[in-house]
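Worksheet for the structure shown next.
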Amino acid sequence: MNEAVLSVSDLQTHLHTDDGIVRAVDGLSFEVDRNETVCLVGESGSGKTMACNTITGMVGPPAEINGEVRFDGQDLLGLSESELTSVRGNRIAYLFQNAQNALDPVYTIGDQIAEAITFHQDTSSEQARERAVELLATVGLSRPAERVDEYPHELSDGMCQRVAIAIALAAEPDLLIADEPVSALDVMIQGRIIDLLDDLREKREFSLVLVTHDLRVVASLADRIVVLYGGTDVERGAATDVLQTPAHPYSQDLFESFTGDGESEDSLASRDPIPPQGCRFHRECRHAVDDCRASKPPFAAVDGNESHRAACVYYGTERDPGELLFNARHVGAAFDSADEPPGQTAETDGGDRDE
Ligand code: SF4
């Protein structure tokens, strides 16, 4: 049986603003097993990034944080800042959306990778530099021994994202959290970075939490999917199950609105900082019934599949889920074929030559 390296239970991140309490994350639960890729899917405002920032301790007071985040059995929310620092960047690494912004323009990329190495490991500056060259080669940057002395502005966006991946891997983490790692890149480069992440995850045996709204990325990388709406999870399951049979009406609308170019047509994410009683999707849901407004629906197995669960009154009750499942199969048919990652071509070699 696989062991969870990350376990998030009923996570809440509430922000006190002049307009009231914003429930940015509100009851999110999911697990990540060793060596697997879990995709957090949802639109802007669904709570994906705030959840990852909370998990890694990048959000603190005055935000009100509750729930439990266990990493390798250790409760991260109970750690002091210094204890958290030794975990973050060492055993948990974070990859940001825009690598150009994440890199420091006044230091060479070699210096920045070496700093990440020496921060967490007892090693000399010469050894750190050698290791930086090795890491640049590992992430597919050509001429690594020369490039190690270049500055971020001398590199393309794709190359900078490779450097950011090298920094993230410097301490050989057990868990990499990647927040929209390709959305700022040209579509032709996206596939190469996705391939690189997948390849590195398999070879280096870390777990990957991937935040994305791009279903092409999800289809090519995910082992499991967690769909978020209004700061909480509404569906979770194996990637093939969720993609082929999206069971929650929000998942179905999200997948149906996907245009194939990495975006969804209209925003479905809840902008309401104060979610409604009951199912928080009920105002937009075309299948809503009176029960949906009464109380938050619990998770239940979809079509008898205990590992595929949705928080909707149509599952686990006497209500007939047939209508939703019929719709699910129609929506999911688009993902039945082997989806290629964005920008993927047969000639793609994974290197940086065209970046
Ligand atoms: S619980 Fe009701 S409102 Fe919520 S998704 Fe299901 S049918 Fe729609």
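Given the structure is predicted, the values throughout are model-derived calculations rather than measurements. All ligand and atom numbering here is 1-based and tracks the order in the structure.
The closest protein non-hydrogen atom to atom 4 (Fe) of ligand 1 is C279 SG, 2.3 Å. The shortest contact between atom 6 (Fe) of ligand 1 and any protein heavy atom is with C312 SG, 2.4 Å. The protein non-hydrogen atom at the shortest distance from atom 2 (Fe) of ligand 1 is C292 SG, 2.2 Å. Of the protein's non-hydrogen atoms, Y314 CE1, 3.5 Å is the one closest to atom 7 (S) of ligand 1. Ranking the protein heavy atoms by distance from atom 1 (S) of ligand 1 puts V313 N, 3.4 Å first.
At a threshold of 4.5 Å between non-hydrogen side-chain atoms, the residues R280 and D26 count as touching. The closest side-chain heavy-atom distance from E154 to M159 is not below 4.5 Å.
Between atom 4 (Fe) of ligand 1 and H248 there is no N/O/S contact shorter than 2.8 Å.
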Can E81 and R88 be said to form a salt bridge (Lys or Arg N to Asp or Glu O under 4.0 Å), step by step? CA-CA 10 Å; E81 185 55 37; R88 188 176 52 211; 3.0 Å; yes
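Ion pairing of D72 with R34 is present here, as a side-chain N (NZ or NE/NH1/NH2) and a carboxylate O approach within less than 4.0 Å.
Set against the non-hydrogen atoms of C285, the atoms of ligand 1 under 4.0 Å away are 3 (S), 5 (S), 7 (S), 8 (Fe). Those atoms of ligand 1 with a heavy atom of P297 less than 4.0 angstrom away are 1 (S).
Between T37 and R201, the side chains place a donor N or O and an acceptor N or O closer than 3.5 Å (distance only, hydrogens not considered).
A perpendicular orientation is assigned to the rings of F281 and Y229, their planes being inclined by more than 60° (bins at 30° and 60°).
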